[in-house]
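Presented below is the structure to which this report refers.
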Amino acid sequence: MGQARAHLLASLWAFYLILAISMVTGDLTNDLDILWGNSKVFYDNSGKQTISLTLDRWTTSAFRSKSTYLFSRIDMDIKLVAGDSAGTVTTLYMITEGLWQFHDEIDLEFLGNSTGEPYTLHTNLYARGKGGREKRYKLWFDPTADFHTYTIIWNQRNILILVDDKLIRQIKNNLMYSVPYPTYQPMRVYGSIWNADDWATMGGRVKTDWSQAPFTAYFRNYRAIACPPQQSSPLCGQSSGNWFNQELDVTRKQQLQEVDANYKIYDYCTDTKRFKDNLPKESTMGRLANWLDDRTSKSTPDYRIQAGSFLLKLWFRPIFIIFFMPTSSCQPMMSSSYTFQESKHTPQSAYSLRHFALAKAMGQPRAQLLPSMSMAALYLILATSPVISDMTDSLDMLWGNTQVLYDSTGHQIVSLSLDRWTTSAFRSKTKYLFARIDMDIKLVAKDSAGTVTTLYMITEGLWDIHDEIDLEFLGNTTGEPYTLHTNIYARGTGGREKQYRLWFDPTEDFHTYTIIWNPQMILILVDGTPIRQMKNQLRNDIPFPLYQPMRLYASIWDADDWATQGGRIKTDWSQAPFTAFFRNYQANACIPYKTAWICSQGSNDSSWFTQDLDEEGKQKLKDVDDNYKIYDYCTDSRRYPNGYPPECGSQ
């Protein structure tokens, strides 16, 4: 990648990562802060630093990492409390530091026992404040006799917990099926020892024997291959390793099966007493996914594994959707107000027409699952790759009267034409996971009433959870202004319409329209002026496009049942063909390459990935709101008589 910086997908809140994996290893005090209690740092016989954490009747003790991480591999050698440790809990865990009700946490808790009885390793996961995913294990060795290595691997695909490099637990990222998973909040590593004799040993029946105090556990060889935040970005330094896209090979699967069969003593996924009505949905998904993997992994060449697995998962994934995907029983109600011109027919008629040709081009109905990326399980290495060359290098012409022309400077121009029988469209060859898209457009001149020219990004997976960022230019009669209609869908939820009158005639010349989509926000600009911002407020449970890749589309189509003055003015087909022109397509974005999302270096400007509005930008946005915005769903009291959507007032 030359001089490129590498960035990895992370913030599924507001950050971006520069991936080149930074390994932290050295003296413990370089990487860890001693917090409280009787915590000591000393050197063992080999000269390695060791931290002892001690518990007595009056004092617990703990340490934590100096850095927070957004995805990591953490290794720590631990020697647990010897002798009678009943009632005590020694921990190694990762946890966020934001609001508790939305916190993420990965737990390893070692539950002490009476002398001669085995420890229990209690594991749990919290994501967005939801836990209850306990699994417990008896270890196959005495963890008090010597140090053993405990590992947490947290990446976009899964969380793996290992003991002495043997896999004991996997938690897959099933965000696609609405199962919470830690994706965008950085976590800090903690170690501690504390008293929990009300529950830790035999359900609290065996209490702590304080005559055995102090109880001491030892920690050494802390290693973090991770992404520690620096300023506003989690940055990672140089190293090697495959932890970030690590999945299970045959050996790991066998390890997991062996541990499950011989050492696992509790699994919430099989606790029918606790879950009397239904087991958690990830429990059933896990079994079906494993079955699919098994069908395609035994003595099969790589290409057959990939093809077979894909076909099976493509066949069976609708079952997942039927049983596990959330569905909405109510669609957003559209306003009956005249000021919202599309109110009468927008939801279905517009999309059925626009996506009829899309479905035809894709070879599947919109509701079908397409062979797209498996959610956010792939990672992203970002070094901003601008696509700026001939349009046909970057775009596929899909259907209709689509022509490629050359202007006087030799640059390609794509024309999209609409007549009574045919629409036309193009799309990007590549899908993007976060992008800055710029396109110069010259709209249909004169009487364009009833027509809609579009520039939009959209996912290609299940329609019920699709993401979409829309710019739709609604035509008008000669001399009347265009309306720029914008909308944003996230996980199938839209209804976020805002409309604008432009401050120029968009039919006389080309103007630049920009979509910036990064983990912090979506920003729409016209000729460099911001007209709309939607912030990422996932932590407030407001949907935001975050883990599904999108493709860019442009089209022209007839929507005279709603597009112009609420459908009162129809398309005058005597004026056909209606033609719009597109040029100077630029995509600073993140494109797929094998198992990663990679952007090759071609520009020094990667600022879009962390871009936010400065004071000048905020003032320009306010000026547009004051002078050119003609509809805002956030102020439509007829549509929302009982209160505006939660994101309104904070955009």
Side-chain angles (χ1 to χ4, degrees), residues 32 34-40 42 44 50-64 74-95 105-126 131-152 161-164 166 168-169 189-222 259 262-268:
L32 303 173
I34 309 302
L35 294 181
W36 62 76
N38 190 11
S39 304
K40 295 180 180 179
F42 61 94
D44 64 14
T50 301
I51 293 178
S52 65
L53 296 184
T54 298
L55 168 70
D56 58 31
R57 187 183 290 273
W58 303 277
T59 310
T60 65
S61 53
F63 63 79
R64 71 176 187 181
I74 303 297
D75 297 90
M76 177 71 87
D77 296 351
I78 306 174
K79 182 179 178 182
L80 295 175
V81 177
D84 188 347
S85 58
T88 70
V89 177
T90 305
T91 69
L92 179 71
Y93 63 102
M94 301 183 70
I95 192 168
E105 185 173 351
I106 305 168
D107 287 335
L108 278 68
E109 298 181 324
F110 302 90
L111 311 184
N113 215 330
S114 304
T115 303
E117 296 297 322
Y119 264 79
T120 296
L121 173 51
H122 173 90
T123 67
N124 199 0
L125 171 72
Y126 284 77
R133 302 183 192 180
E134 302 90 346
K135 294 190 181 185
R136 291 184 175 184
Y137 306 84
K138 296 297 188 190
L139 298 173
W140 50 95
F141 52 83
D142 181 355
T144 72
D146 203 351
F147 285 92
H148 293 268
T149 303
Y150 303 90
T151 301
I152 299 170
I161 298 174
L162 301 92
V163 177
D164 288 338
K166 176 181 284 190
I168 68 166
R169 182 169 184 184
V189 178
Y190 284 78
S192 66
I193 185 170
W194 50 292
N195 177 46
D197 66 1
D198 55 337
W199 66 271
T201 306
M202 297 181 66
R205 291 190 295 276
V206 180
K207 302 298 183 181
T208 304
D209 181 357
W210 291 110
S211 70
Q212 303 296 318
F215 304 97
T216 303
Y218 303 91
F219 299 75
R220 73 180 185 190
N221 290 342
Y222 174 65
V259 169
N262 298 302
Y263 303 107
K264 186 168 67 176
I265 58 174
Y266 175 80
D267 186 340
Y268 78 107

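Treat the numbers as computed from the prediction; the structure is a model and nothing was measured.
The six-membered or imidazole ring of Phe63 lies away from that of Tyr190, with a centre-to-centre distance of 6.0 Å or more.
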Worksheet entry | side-chain contact (heavy atoms from CB on, under 4.5 Å) evaluation trace for Ile95 with Tyr126 | CA-CA 9 Å; Ile95 192 168; Tyr126 284 77; over 6 Å; no

Fill in: Residues Asp267, Tyr137; criterion side-chain contact (heavy atoms from CB on, under 4.5 Å); working and verdict
CA-CA 9 Å; Asp267 186 340; Tyr137 306 84; over 6 Å; no

Worksheet entry | From CA spacing to verdict: side-chain contact (heavy atoms from CB on, under 4.5 Å), Val163, Thr149 | CA-CA 6 Å; Val163 177; Thr149 303; over 6 Å; no

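Using the six-membered ring where Trp is involved, Phe141 and His148 have ring planes that are parallel, under 30° apart on the 30 and 60° scheme.
Side-chain N or O atoms of Thr216 include none that pairs as donor or acceptor with a backbone N or O of Thr54 at under 3.5 Å. Under the 3.5 Å distance criterion, the side-chain polar atoms of Asp209 are matched with a main-chain donor or acceptor of Ser211. The backbone N or O of Lys138 sits nowhere less than 3.5 Å from a side-chain atom of Thr120 that would complete a donor-acceptor pair.
In this structure, the side chains of Phe42 and Tyr218 come closer than 4.5 Å at one or more pairs of heavy atoms. At a threshold of 4.5 Å between non-hydrogen side-chain atoms, the residues Thr60 and Ile193 do not count as touching. A 4.5 Å side-chain heavy-atom check between Ile168 and Leu162 finds every atom pair outside the cut-off. By the 4.5 Å heavy-atom criterion applied to side chains, Ile51 and Ile34 are counted as neighbours. Residues Val259 and Lys166 meet the side-chain proximity criterion, which asks for heavy atoms closer than 4.5 Å. Inter-residue side-chain proximity for Ile152 and Tyr93 is flagged as unmet; no heavy-atom pair is nearer than 4.5 Å. Side-chain contact between Val189 and Arg64 is absent, with no heavy-atom pair separated by less than 4.5 Å.
Taking each heavy atom of Phe147 and Lys79 in turn, the nearest pair found is CD2-N, 3.6 Å. Among all heavy-atom pairs drawn from Thr88 and Ser85, the shortest one is OG1-O, 2.7 Å. Nearest approach of Ser114 to Val206, heavy atoms of both residues: OG-CG1, 3.8 Å. Nearest heavy-atom pair across Trp199 and Leu111 is CH2-CD2, 3.7 Å. Considering all non-hydrogen atoms of both residues, Asn113 and Asp84 come closest at O-OD1, 3.6 Å. Residues Val89 and Ala196 share a closest heavy-atom pair of CG2-CB, 3.6 Å.
Screening Leu108, Leu32, Asn221 for a side-chain contact (heavy atoms from CB on, under 4.5 Å) involving Met76 leaves a single residue, Leu32. For the ring-ring contact (aromatic ring centres under 6.0 Å, His included) with Phe110, the qualifying choice from Tyr150, Phe215, Tyr119 is Tyr150, the only one to do so. No option in Lys135, Arg169, Arg133 other than Arg169 meets the side chain to side chain donor-acceptor pair (under 3.5 Å) test with Thr123.
Atoms OG1 and CG, from Thr59 and Leu53 in turn, are 12.5 Å apart once rounded to the nearest 0.5 Å. Atom OG1 of Thr50 is separated from atom NZ of Lys40 by 13.5 Å, given to the nearest 0.5 angstrom. Between Leu125 atom CG and Met94 atom CE the span is 11.5 Å, to the nearest 0.5 Å. Separation of atoms OH (Tyr268) and CZ (Arg136) is listed at 14.5 Å; rounding is to 0.5 Å.
Side chains of Thr151 and Asp75: a donor-acceptor N/O pair is present below 3.5 angstrom, by distance only. A donor-acceptor pair shorter than 3.5 Å cannot be found between the side chains of Asp107 and Asn124. Side-chain contact of Asn195 with Thr208: a donor-acceptor pair under 3.5 Å is present, judged by distance alone.
Shown here are the salt bridge (charged side-chain N to carboxylate O under 4.0 Å, His left out) partners of Asp142, two or more places apart in sequence or in another chain: there are none. Partners of Glu134 according to the salt bridge (charged side-chain N to carboxylate O under 4.0 Å, His left out) rule, which considers only residues two or more places apart in sequence or in another chain, are Arg274. A search for side chain to side chain contact (heavy atoms under 4.5 Å, CB included) contacts involving Ala82 returns Thr144, not counting sequence neighbours.
Annotation: Lys207, atom NZ; neighbour count of heavy atoms from other residues, nucleotides and ligands within 6.0 Å is above 12.
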